[in-house]
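Just below is one structure, and these are the notes that go with it.
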Amino acid sequence: MTSAKCLSLATLLCLCPVIAAGTSVEDASTCLTDSTSGRDRKDLVKWIFLAISKHPEISSLASSGPADDEESNRRVGELFTRLIADDCPAEINKMITEHGASSISLAFEVLGSVAMQELMVHPDVQGVFSGLEKYSDQERIAPVLKPK
């Protein structure tokens with residue numbers, strides 16, 4: 001396995017939270033994921049990207065403006081409302097009853113992970129990960145990646 005593939009896999013795995021809170025969290029996560037379209041998940045990732053792009057270490061790499069932020073907040077706000085109030089109210093309510101209000105973040109982390117995974121497999125995205133190989137010392141990395 002090349003270092004780029006390892007990094008790509010590691011990135012995907014980091015985006016996949018472990019659900020240990022119980023079946024109500026799993027049920028809510030499944031409902032959220034099943035209730036979203038590819039467009040919904042892309043909107044969610046755009047919203048996350050726009051938020052991250054405001055960090056001073058990242059801001060020079062993005063060219064979004066206030067109108068982009070406003071539109072993204074509107075779309076994801078509507079999505080959030082629809083998912084909780086219309087699509088998954090029973091699952092969300094049961095999860096919160098069993099695990100507290102903070103458990104909602106667990107269910108939405110799963111949705112965010114699924115959304116990120118869908119984008120990460122695009123050939124253009126994979127092309128950037130593959131570019132890592134040019135700067136990685138495969139001779140030093142290969143022995144570590146072999147099972148002993």
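Between Asp43 and Arg39, the closest side-chain pair of non-hydrogen atoms falls below 4.5 Å. Contact annotation: the side chain of Ser103 approaches that of Ile96 to within less than 4.5 Å [non-hydrogen atoms, C-beta and beyond]. Within the 4.5 Å cutoff, no side-chain heavy atoms of Thr30 are placed close to those of Val110. A 4.5 Å side-chain heavy-atom check between Leu61 and Ser53 finds every atom pair outside the cut-off. Between Thr36 and Leu83, the closest side-chain pair of non-hydrogen atoms falls below 4.5 Å. Taking 4.5 Å as the limit, every side-chain heavy atom of Glu109 sits out of range of all side-chain heavy atoms of Ser29.
When the side chains of ILVMFWY residues are joined at heavy-atom separations under 4.5 Å, either directly or via intervening members, Phe108 and Ile52 end up in a single hydrophobic cluster. In this structure, Leu50 is not a member of the same hydrophobic cluster as Val125, with clusters built from ILVMFWY side-chain heavy atoms closer than 4.5 Å.
Within the model, atoms OG1 of Thr81 and CG of Asp86 stand 8.5 Å from one another, a figure rounded to the nearest 0.5 Å. His99 NE2 to Ile104 CD1: the interatomic distance, rounded to the nearest 0.5 Å, is 13.0 Å. Atom CG of Leu79 and atom CG of Asp87 lie 8.5 Å apart (nearest 0.5 Å). For the atom pair Met95 CE and Ser102 OG, the distance stands at 9.0 Å (nearest 0.5 Å). The distance from the CG atom of Leu111 to the CE atom of Met116 is 12.0 Å, given to the nearest 0.5 Å. Taken from CZ in Arg41 to CG in Leu44, the straight-line distance is 10.0 Å, to the nearest 0.5 Å.
Each side chain to side chain donor-acceptor pair (under 3.5 Å) pair with one or both residues in residues 139-148, not counting sequence neighbours, would appear here, but there are none.
When every heavy atom of Ala62 is checked against every heavy atom of Phe49, the shortest pair comes out as CB-CZ, 4.2 Å. The shortest heavy-atom contact between Asp40 and Ser35 is OD2-O, 4.1 Å. Closest heavy-atom contact between Pro56 and Ser59: O-OG, 3.6 Å. Shown here for Asp68 and Ser63, the closest heavy-atom pair between the two residues is OD2-O, 4.5 Å.
Using a cutoff of 4.0 Å between basic side-chain nitrogens and carboxylate oxygens, Glu71 and Arg75 are scored as salt-bridged. Under the 4.0 Å criterion applied to side-chain N and carboxylate O atoms, Arg82 and Glu78 are not assigned as salt-bridge partners.
Glu91 places no side-chain N or O within donor-acceptor distance of the main-chain N or O of Ser24, the cut-off being under 3.5 Å.
Each of Lys54, Lys46, Arg74 was checked for a salt bridge (charged side-chain N to carboxylate O under 4.0 Å, His left out) with Asp69, and the lone residue meeting it is Lys54.
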